[in-house]
Amino acid sequence: MATTKYIFVTGGVSSSLGKGIIAASLAKLLQARGYRVTIQKLDPYINIDPGTLNPYEHGECYVTDDGAETDLDLGHYERFLNVATSQANNVTTGRIYQSVIDKERRGEFLGKTVQVIPHITNEIKERIQILGNSGDYDIVITEIGGTVGDIESLPYIESIRQLKWELGKENSLVIHLTLIPYLSAAGELKTKPTQHSVKTLMESGIQADILVCRTEHHLNDELRGKLARFCNVEQEAVIESIDASTIYDVPNLMLEEGLDMITLKKLRLDDQTAPELSRWNEFLNKHKNPKSTVTIGLIGKYVELQDSYKSILEAFIHAGAENEVKVNVESIHSEFITDNVIANTISKLDGVLVAPGFGERGIEGKIKAVQYAREHKIPFLGICLGMQMAVIEYGRNVCAFAKANSTEMNPETPHPVIDIMEAQKTIKNMGGTMRLGAWECELVPNSIVSAVYGQETILERHRHRYEFNDEYRRQLVAAGLKITGTNPETGLVEIIELEDHPWFVGVQYHPEYKSTVSNPHPLFVAFVKAALDFSKTKQN
Ligand code: GLN
C-alpha cells in the first residue's frame, strides 16, 4: 500500500517570509508532476478560528466550501492548486485545546493527568494525519504558523519531531524557511541568523532537511556551501528564494532551484515525470503582457492593510490575465468618501467594487459610491455588505425610503431593507455562527449572471448574518431592482441587478474565494470585461 508522505514547513528568523507561498509553490510543482497534494496550516493562536479576528489583526478570513472560517493562506493553496480545502486544512491551538478539554470532560482520558505531552501533541498528530489517512492524497504539506523559538509553537514542533520519528526518514521531511538579510553598509548577505534558527530547531530535536532562503540578492556557491556546512544539510538542499515581482513566479523559481527534485529524492518518490505547467505559464504570460489597463476602485474600510482583501485582489489578477488587461486596483477608504470628493474619486474609475465588511463605520461612503456608479452607469460589483449597500441605496434614492438601512447598522430604521436572517435571531455566540460555506443559488434566465455563469444553478460561499428583507421585495422590484438569483430552499435573495444599467451586480456571497489561476472566477472575468468596455466608451 502506498504511504502518504508528509512535508513540514517551519519558519525561522522572521515572520512574514511567505511560508504559505513556498508551501503552495512546492505543492504546485508536485501536483504538476502528477502527485495528489494538499496543504494544511497549523496556527498557534488560541482563537478557535480567525472568524472572530478583525482583518487588521490577521488579514482576510478565508471561507471554505464546508463553511470553515480559516487563515488566508488556505486561499493561496486553493488558488495555486485549484483543489478545494476544508476545515481539516486549518487547525488552531484553540481548536486543539477545545477538543482535548471536551474529551477530558467526557472522561475519555480515564483518570489520567491531561498534559501538553502526550495529550495535546497526540491531538496535533492526529489532526496532521487526518488528511493523509483519507486516502485522497499522496503528499500532505503542513505549514506551521509563527517562527521557530516562539513559546506557542513548541507543542507543534514537538509533534513534528515525534511524527518524523514514527513515519520514518523516507516518509517525512522538514523544510525550514529562513531569511538571509543583506547588510547594505557591509555589502554582504549574512547567514548567522539562519544558523541560529536551525540550531533552535535542533534544540527541539529536529534537523531541517531542506533550507529555503529568502533573500534580496542571489546566493553564490560559497554562501550556499557555508549554509550547508553550518546548518548540516546537503548543498543541493540549500534553496534560494529570491524576491519575486509576483507570487505566481515562485513555482517556476522553485523549479529552477530544484526544490521539487530534492523533495522527491528525499522522499524516495519518482522524479522522472516532468512538471506540466503549461496552463500556469499561459496565465503568467498573459498576466505579464497586458494589452491595456483598467482602473477599478475597491471601496472598503480596511484598505490600509492589503491582506484584508487578499482574495479580491488575487481574483482581479486572474480575471485581468483572462482579459489580457492590467487591473489597476485603487483602494479607496469608504470613510473618506463625502459629497465633496465623490465626483473626483469615482469618476476616473472604470469599475466600482464595494467590499464586504461588518459594522457601521464607513457605510455611508459605500452607499454614496454605489449611487455614483448607478447614476453614471459605471460597472459595479457589490460583494456581501457591498450588495446590501446597493439595496439600501436603491431603497433610499429610488424608492424614497429616506432612512432605509440594515438593522445591523440601525436596529431602529423605519425601512429595514436588509434585516437579520430568521435563523440568526436567537444566536448569541459570535464564533462560527454566521451563514457559512457553499449554498446553492438558482439563476434567473436572461440576466447578466445567467450569461456570465452559463449555468442555471451555482454553488457559492457565504459569510453573513443579514439578508435582503423579502417584505421590501415587491416595492424594490417595482422600482426597477432585479432579483436574479435566489436560494432554491429558502428563497433568500442572493443576487441583484438593475434595469437601465449596463453592468450592475450585487451578490450576497463571496465569489472571490473560488477564483483560481486555472479557473478565474467568471463574475470577476465579466466585471473586468465590463470595465474594459466602459473605459473604451470613455475614450471615444
Ligand atoms: N455584515 C454583513 C452581514 O453580516 C455582511 C457580511 C460580509 O460582508 N461578509 O450580513
Side-chain angles (χ1 to χ4, degrees), residues 5-15 17-19 22-23 25-26 29-30 42 121 125 128 139-151 153-183 188-242 253-254 256-269 271:
K5 309 278 184 175
Y6 290 87
I7 299 172
F8 304 103
V9 181
T10 57
V13 179
S14 157
S15 57
L17 293 181
K19 283 194 294 282
I22 292 296
S25 299
L26 174 59
L29 294 177
L30 298 172
L42 305 183
T121 48
K125 287 194 290 179
I128 294 174
I139 303 167
V140 176
I141 303 183
T142 299
E143 175 195 344
I144 322 295
T147 309
V148 163
D150 294 348
I151 292 177
S153 358
L154 284 175
Y156 293 98
I157 301 292
E158 167 60 13
S159 304
I160 293 175
R161 188 194 65 73
Q162 293 181 20
L163 257 185
K164 257 193 116 185
W165 183 83
E166 287 164 25
L167 294 164
K169 230 175 155 22
E170 295 173 8
N171 295 322
S172 63
L173 60 80
V174 169
I175 298 179
H176 190 55
L177 175 64
T178 157
L179 175 71
I180 312 292
Y182 178 74
L183 290 190
E188 262 184 88
L189 286 163
K190 291 296 188 187
T191 64
K192 198 61 74 64
T194 297
Q195 295 180 40
H196 281 296
S197 88
V198 169
K199 227 181 236 164
T200 307
L201 205 49
M202 278 179 101
E203 280 166 16
S204 303
I206 295 179
Q207 165 66 53
D209 298 288
I210 298 174
L211 289 184
V212 176
C213 307
R214 278 298 303 274
T215 175
E216 289 171 27
H217 299 273
H218 286 295
L219 309 179
N220 61 24
D221 279 348
E222 191 195 334
L223 208 111
R224 287 175 192 250
K226 192 170 163 188
L227 280 163
R229 179 185 306 266
F230 294 119
C231 299
N232 245 345
V233 298
E234 296 110 312
Q235 187 147 340
E236 58 175 343
V238 176
I239 305 290
E240 167 192 288
S241 171
I242 194 118
L253 290 172
M254 291 302 107
E256 280 164 30
E257 282 286 305
L259 176 60
D260 55 334
M261 285 301 270
I262 182 86
T263 300
L264 292 171
K265 190 170 131 192
K266 285 187 181 291
L267 293 175
R268 302 274 189 280
L269 288 170
D271 59 9

Between [X] and [Y], what is the shortest heavy-atom contact and its length?
| X | Y | answer |
| --- | --- | --- |
| S204 | I157 | CB-CG2, 3.5 Å |
| G258 | I239 | C-CD1, 4.2 Å |
| L211 | A208 | CD2-CB, 4.4 Å |
| S197 | G12 | OG-CA, 3.8 Å |
| G18 | L177 | C-CD2, 3.7 Å |

[X] [atom1] to [Y] [atom2] distance, which is reported to the nearest 0.5 Å:
| X | Y | atom1 | atom2 | answer |
| --- | --- | --- | --- | --- |
| R214 | I242 | CZ | CD1 | 9.5 Å |
| Q235 | K226 | CD | NZ | 13.0 Å |
| T215 | L223 | OG1 | CG | 8.0 Å |
| N171 | I7 | CG | CD1 | 11.5 Å |
| Y156 | I144 | OH | CD1 | 8.5 Å |
| R161 | M202 | CZ | CE | 13.5 Å |

**OP:** Name all residues meeting the ring pair (Phe, Tyr, Trp, His ring centres under 6.0 Å) criterion together with H217; count only those two or more places apart in sequence or in a different chain, and write none if there are none.
**Re:**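 Y182.
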Below 4.5 Å, heavy atoms only, C-beta onward: do [X] and [Y] meet side chain to side chain?
| X | Y | value |
| --- | --- | --- |
| V9 | I141 | yes |
| F8 | I128 | yes |
| Y6 | L167 | yes |
| C213 | V238 | yes |
| I22 | L17 | no |
| C231 | T194 | yes |
| H176 | V212 | no |
| L29 | T263 | no |

Original post:
Between I210 and L173, does a side-chain contact (heavy atoms from CB on, under 4.5 Å) hold up when you go through it step by step?
Top reply: CA-CA 8 Å; I210 298 174; L173 60 80; 4.2 Å; yes
Original post:
What's the verdict on side-chain contact (heavy atoms from CB on, under 4.5 Å) for L42 and T142, showing C-alpha distance, side-chain angles and the deciding distance?
Top reply: CA-CA 7 Å; L42 305 183; T142 299; 3.6 Å; yes
Subject >> CA sep, side-chain torsions, deciding dist, call: D209, K164, salt bridge (charged side-chain N to carboxylate O under 4.0 Å, His left out) >> reply: CA-CA 11 Å; D209 298 288; K164 257 193 116 185; 2.9 Å; yes
Original post:
Between T10 and E143, is a side-chain contact (heavy atoms from CB on, under 4.5 Å) present by the stated rule, with each step listed?
Top reply: CA-CA 6 Å; T10 57; E143 175 195 344; over 6 Å; no
Original post:
Can we say K266 and E234 salt-bridge, meaning some charged N sits less than 4.0 Å from an Asp/Glu carboxylate O?
Top reply: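 The answer is yes: the pair qualifies as a salt bridge.
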Without swapping roles, check the side chain of [X] against the backbone of [Y] for a donor-acceptor pair under 3.5 Å.
| X | Y | result |
| --- | --- | --- |
| E240 | L219 | yes |
| D150 | G146 | no |
| K5 | S172 | no |

Subject >> Full working for side-chain contact (heavy atoms from CB on, under 4.5 Å) between V148 and I206 >> reply: CA-CA 11 Å; V148 163; I206 295 179; over 6 Å; no
Subject >> Among L30, L264, L253, I175, the one residue meeting side-chain contact (heavy atoms from CB on, under 4.5 Å) with L259 >> reply: I175
Original post:
Above 12 or not: heavy atoms from other molecules or residues under 6.0 Å from CG of L183?
Top reply: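 More than 12 within 6.0 Å, yes.
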